[in-house]
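Only heavy atoms go into these numbers, but all of them, side chains included; no hydrogens, no water, no symmetry mates. The structure presented is a predicted model; accordingly, all values stated were derived computationally and were not measured.
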Amino acid sequence: MQSGDELFFQGVELMLAGIGSVFVFLIMLVLATRTMSWALMRFGRAGEDDLPLAHVAAISAAVSAYRRSRRVEE
Amino acid sequence: MQSGDELFFQGVELMLAGIGSVFVFLIMLVLATRTMSWALMRFGRAGEDDLPLAHVAAISAAVSAYRRSRRVEE
Amino acid sequence: MQSGDELFFQGVELMLAGIGSVFVFLIMLVLATRTMSWALMRFGRAGEDDLPLAHVAAISAAVSAYRRSRRVEE
Amino acid sequence: MDVISTILSETGFAQITFGQGVMILIGLTLLYLAIVRGFEPLLLVPIGFGGILANIPGVDIATGDGLLYLLYQGGLETSIFPLLIFMGVGALTDFGPVLANPKTILLGAAAQIGIFVTVLGALGLSVAGVMDFNIAEAAAIGIIGGADGPTAIYVASKLAPDLLGAIAVAAYSYMALVPLIQPPIVRALTSLEERKIVMAQAREVSKLEKILFPLLLLLLTALLLPSAAPLLGMLCFGNLMRECGVVERLSDTAQNALINIVTILLGLAVGSKLGAEYFLEWKTLGILALGVVAFALGTAGGVLMAKLLNLVVKDKVNPIIGAAGVSAVPMAARVSNRLGIEANPENILLMHAMGPNVAGVIGSATAAGIMITYVGGAG
Amino acid sequence: MDVISTILSETGFAQITFGQGVMILIGLTLLYLAIVRGFEPLLLVPIGFGGILANIPGVDIATGDGLLYLLYQGGLETSIFPLLIFMGVGALTDFGPVLANPKTILLGAAAQIGIFVTVLGALGLSVAGVMDFNIAEAAAIGIIGGADGPTAIYVASKLAPDLLGAIAVAAYSYMALVPLIQPPIVRALTSLEERKIVMAQAREVSKLEKILFPLLLLLLTALLLPSAAPLLGMLCFGNLMRECGVVERLSDTAQNALINIVTILLGLAVGSKLGAEYFLEWKTLGILALGVVAFALGTAGGVLMAKLLNLVVKDKVNPIIGAAGVSAVPMAARVSNRLGIEANPENILLMHAMGPNVAGVIGSATAAGIMITYVGGAG
Amino acid sequence: MDVISTILSETGFAQITFGQGVMILIGLTLLYLAIVRGFEPLLLVPIGFGGILANIPGVDIATGDGLLYLLYQGGLETSIFPLLIFMGVGALTDFGPVLANPKTILLGAAAQIGIFVTVLGALGLSVAGVMDFNIAEAAAIGIIGGADGPTAIYVASKLAPDLLGAIAVAAYSYMALVPLIQPPIVRALTSLEERKIVMAQAREVSKLEKILFPLLLLLLTALLLPSAAPLLGMLCFGNLMRECGVVERLSDTAQNALINIVTILLGLAVGSKLGAEYFLEWKTLGILALGVVAFALGTAGGVLMAKLLNLVVKDKVNPIIGAAGVSAVPMAARVSNRLGIEANPENILLMHAMGPNVAGVIGSATAAGIMITYVGGAG
Ligand code: NA
Ligand code: NA
Ligand code: NA
């Protein structure tokens, strides 16, 4: 059980942290959105030059790289 | 375990009570339906003069009345 | 735990039995399909001369036959 | 080789029992009736197919962790499926004819007599030593006479789950056989003069009446017969969504996607109770016999109540429409219409018959509530 | 006879409590508001009806193995229903206005201030001894100010399940009352000159931006605020299905059959928490009072943030659209539009207001994640 | 302040592991392939998105009581989702081409050779010490060669749940890559003369044949291979609803709302097995390598069987359509058609290829039944 003061202090803490977090998160979203839109306008759509089978190779490479990195640690 | 006579008597009881209940219920439904239709024709649609926010007040009043009534009992 | 040889032998067994079963099953399906199509062309659609209530009689007869056969066994 | 003998021993040929073979044939019969004869296909196609699946040997489908058993457990043991179907039925039902002529509700009441007389009959068979039904089973069998599939399934799943398969098959079969069962009874109990009665044109029903009716029925249920509240409550909910005009998209889904999905799953779940061990019992014969008695008595009850009503009311009722009180919506109303045209080619009874027809749904749900209360309390 | 007294003792009349009677009237009031007044009918019809069902005496509907309890247990305790609704909301939402003018996201952020101030207010009432809310309950009440139904239900089901009924009723009622709550606040905080501001035509948004936006939001959530990932993740998933253009049939189902089915079931499940024992508490009055405070503060926060923004940005923002940041999609955006036309009949703010409006959905889901993290960690 | 450090420590940045980051990139790759490249988007969009959700750190989504885990538990551990999908596939499939030319079923049989050879290959890798697959895992991997998503998911969920994510990704990826994998194999195994063979116009198939076919298949399954009855039974049930003509509304729902809902939920549930701990294993590389081998061998098996058939039958079969026997409906049939046009611009093989194509679905479900029987009995 907590005293009324503690409870109220928790509320203040939650309010400040909450408002802060919402703003930080949504400001990041504004920046990310602007950056994305800018990048798309700047560079247009990426070329489609990769080989279709390349993705299996890519996934394989990722798994393989990961496992190798693990082995080093173990 | 019950004897055959008891079982059959239960059946008679269920039959009479069941038929009776169905009729009572549906006769009440006939009366209620007639009353509703009559009332709607007689009084037409109620006026729309209440304030929209009134409902929150109404719910609040109901809860409040209920809690007060409880307090008396407790 | 099983040895590698056992495991591989199991694989060979599963491969042979599996390929065999798939073929047996699907060859039976080819035969059944051909037979059905042939029968439908040969005999056309069966007459619709049975009495509609007959099905309850049929189900009853089936249940009854089954129960009688059980009684003999018991 | 070892593996070949394993595979051979796992074939259906090696494992099938005589009972399973019989049940597969019965399942095929149900599919035949549904597809070729048009017997309540929306339910009998899934039930019949489910019945076949339930009798495939050597694999868990209606048992263990098989799909049909999981559907049974999740949707029938909990009553969720029949209650959602009832919501959909509510969303599909227009209670206008009942509102236009409320006295037809009494026909829907009288047609439930068959239910309770049949319960007595089932117990009579027990007392006579012919069958061995307890009171819960007798009550579940009686509900077949309610001529309403989801109600019968709801009651059977609560009071007599092992008989569920046979009760559902009987209920839907006899609903499909209404055009055969009812006409001779109606003709025997009425004169040609009576069957020629032309009923007054029904009055217009206002939108507001239609909105208030499900609420009225709900409140009456809450105050008089709470045990019927799950079934009637969901019926009223569906109907309120239909009539209130502000939740079109929910009403539309309740009438289409949702009721269709639940119908498929419900049918398969009912099929799980068509295993040979449940269905191939003498009790099934008793259920089939008692079911047709219940339908016949209900039909007679409705017709006789209409004749009784005519002794006291000014606007005469054509007694044919009493037969529609059993429910079996909309088949029984159509049969009434046909019998009316037979007696008087200019007499279109369809809308008049819809009143007792939908009232019969309320009547059998009421009866279901009473059964559950009584058997829970006394049985 | 014994059976008659049994049946009489089982009627609702014999068993109903005063509290249940009051709750049935409240349920009817909610239905009246939904149907006649058009208050969020898609949710308040099922919730109001569920509330009546939950207060029918003597039968397990919202308790035991009753339908409403099973729906609550299966869909709300697990959070499955609100998450699937969020997926549907994502599939129904066009984030184009946000992409065209990302700074409006800040309005959606500021409008969440009401949430957190209300939490403090709820705790203040506790400290003052007026009410007795713990921190989890205070957090759940604050979320009403998010003006987003599924978010409020999601948070309440996790943090304060006993208050779920009252919180849902408050959230949907005030969302419906946005046209009454917001205009005086907006007029008080802005000058006519400000309300006349004409905003620049929004730019075209490309298909690719729309496809990438939900992925961007998902990644940001994953990296910054994982506790919001269930809600925001499903929102993004629905939105990606909508925008990606290759899964039309899934998107269509998520926007129609699926969201409708879940809405019906969710509403009934919420109704299960409108039992008298949950709702007829002083706490409910506190929730109703705090809810309107939260809405008012959120509105003010959005408007003031717009004025603040105008101090620094070149393209001025009409501060009215700050009010749309509370969410209450699309009601609040329409209110903004009406206020704009009132000030300047040629000023169509609707599309501009949709930006903060949908950003407000993201904002309150963000706030929900923070609440759950904080209360889980500290409460 | 304490709360800030709490919140910071709860961010994704603070908690994400290297493995989770890799998996999120793989999830994005799958979405790219699905959306931009059109790789089986109906499944790979939900699977890819689910894979990202499953790797968000610090929140229960694919674990504990998170949505994806609940979907996995409720729909995949029980096999309900793949079985309902199979019902929908049945409702979407026209078996007319199979009935018109039943010998094409043999092509669908031969194309399953790839499944079993791959099982042996997987075990060979184990014996050689390269990988460590047990027999259940090897069987589940082999089924990738069945080129049928729900079958692969069904088998993997029963025999090797930890490999489910990798197997599903491999199955759907290679199904999408059929236009790349098959043509070189077909060209290598056939002469231009053979590829130019024009097949006789298929005969008309009667409605009654189409109705009886699913029942015939069901009975054969019941008698010969009960372990395939859940999958094939649901396929037949869906197909019977489609063809019988009396349950249009159920068939329509099975083909649309129901299969779409289940597809969304299934995809997310599969995503729950794309956690780094399941997917980032050497075994995944083995699965990807073996999967393409299985597809290639299946293609070769179908083509060679067609050439074998031509030694004995009068009406020659164009061996290209043997490749369609792998299933991958309808992609493989379209590839066959394109190869036919390449050899002879007037040769439209599409309808002929649909025969082995849908027979391949039956073939891989058969193989699935055998795997489950054998591994259950011997493994
Ligand atoms: Na009835
Ligand atoms: Na909000
Ligand atoms: Na296949």
Among [options], residue most engaged with chain D (heavy-atom pairs, under 4.5 Å):
{"options": "F:Ala257, F:Ser227, F:Pro226", "answer": "F:Pro226"}
{"options": "F:Ile370, F:Leu250, F:Thr221, F:Val247", "answer": "F:Leu250"}
{"options": "F:Ile211, F:Leu219, F:Leu240, F:Leu215", "answer": "F:Leu240"}
{"options": "F:Ile261, F:Leu218, F:Leu225", "answer": "F:Leu218"}

Measuring heavy-atom distances to chain F, does [X] have an atom under 4.5 Å in its side chain, in its backbone, in both, or in neither?
{"X": "D:Leu258", "result": "neither"}
{"X": "D:Leu31", "result": "side chain"}
{"X": "D:Ile61", "result": "side chain"}

Count the heavy-atom pairs under 4.5 Å between each of D:Pro46, D:Gly50, D:Gly38, D:Ala34 and chain F, then report the option with the highest count.
-> D:Pro46
Counting distance only, does the side-chain N/O of [X] pair as donor-acceptor with the main-chain N or O of [Y] below 3.5 Å?
{"X": "D:Asn55", "Y": "D:Ala276", "result": "yes"}
{"X": "D:Ser157", "Y": "D:Tyr154", "result": "yes"}
{"X": "D:Gln15", "Y": "D:Pro57", "result": "no"}
{"X": "F:Asn239", "Y": "F:Thr93", "result": "yes"}

In Å, rounded to the nearest 0.5 Å, how long is the span from [atom1] of [X] to [atom2] of [Y]?
{"X": "F:Met87", "Y": "F:Phe237", "atom1": "CE", "atom2": "CZ", "result": "6.0 Å"}
{"X": "D:Leu42", "Y": "D:Asn260", "atom1": "CG", "atom2": "CG", "result": "7.5 Å"}
{"X": "F:Lys210", "Y": "F:Cys244", "atom1": "NZ", "atom2": "SG", "result": "13.5 Å"}
{"X": "D:Phe295", "Y": "D:Gln182", "atom1": "CZ", "atom2": "CD", "result": "8.0 Å"}

Partners passing side-chain contact (heavy atoms from CB on, under 4.5 Å) against F:Leu223 (at least two apart in sequence or in another chain) = D:Phe13, D:Ile16
Of all the residues in residues 71-85 of chain D, which have a heavy atom that comes within less than 4.5 Å of a heavy atom in chain F?
-> none
Would F:Ser206 and F:Glu209 count as having a side-chain donor-acceptor pair, cut-off 3.5 Å?
-> yes
